[in-house]
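The next block holds one structure in the form of structure tokens; read it before the comments.
Remember, predicted model here, so these are calculated numbers, not experimental data.
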Amino acid sequence: MARWRRSGAPDASVYRITGARRGLAEDVRGRQRRYVISMLIRTAAVLLTFVLWDLSRPLAVATLVVGTVMPYIAVVIANAGRENSPAMPSTFITSASRSALPPATDSVPETNRQREQAR
């Protein structure tokens, strides 16, 4: 949604609603990005297994375990549902911001009518 100035050029400022959730397309794009990153880590771990097999067998086994477990972790991360919308700020005042008026005193100022009647 573009805002237009009177000159016909689009306004560059973007307004975002604070309490609104991210759009579905943006959410799916983020999930895909997380999945691809996880699978790249898994691929690197499997390739490192082959490179390290003759050099350091315990490290190669560790990278093999990471490469084996990573698909499960990647799917769980990618399929994690949409995040909850952030909590909206409360519109209610939780504590009393104003105390009650103090009790009236006996010295009440005279009104103009009382002054006129006294004359």
Practice item. Among Ile, Leu, Val, Met, Phe, Trp and Tyr joined by side-chain contacts under 4.5 Å, find the other residues sharing a cluster with Val75 and list them by chain and number. Key: Tyr35, Met39

Practice item. Using the test side chain to side chain contact (heavy atoms under 4.5 Å, CB included), find all partners of Val28 that sit at least two apart in sequence or belong to another chain. Key: Leu24, Gln32

Check your understanding: If you take all heavy atoms of Leu64 and Thr68, which pair is closest and at what distance?
Key -> O-OG1, 2.7 Å

**Study point:** Residues in side chain to side chain donor-acceptor pair (under 3.5 Å) contact with Thr63, at least two apart in sequence or another chain
**Key:** Thr49

Under 3.5 Å, which donor-acceptor pairs do the side chains of residues 52-59 form with other protein atoms, sequence neighbours left out?
from: Arg57; atom 1: NE; to: Trp53; atom 2: O; distance (Å): 3.3

Exercise for review: Search all heavy atoms of Pro71 against all heavy atoms of Arg42 and return the closest pair with its distance.
Suggested key: CG-NE, 3.5 Å

**Study point:** Counterpart residues, side chain to side chain contact (heavy atoms under 4.5 Å, CB included), relative to Leu40 (two or more places apart)
**Key:** Val36

Check your understanding: Under the side chain to side chain contact (heavy atoms under 4.5 Å, CB included) test, which residues partner Leu47, sequence neighbours left out?
Key -> Thr43

Check your understanding: Which pair of heavy atoms, one from Ala45 and one from Gly67, lies closest together, and at what distance?
Key -> CB-N, 4.0 Å

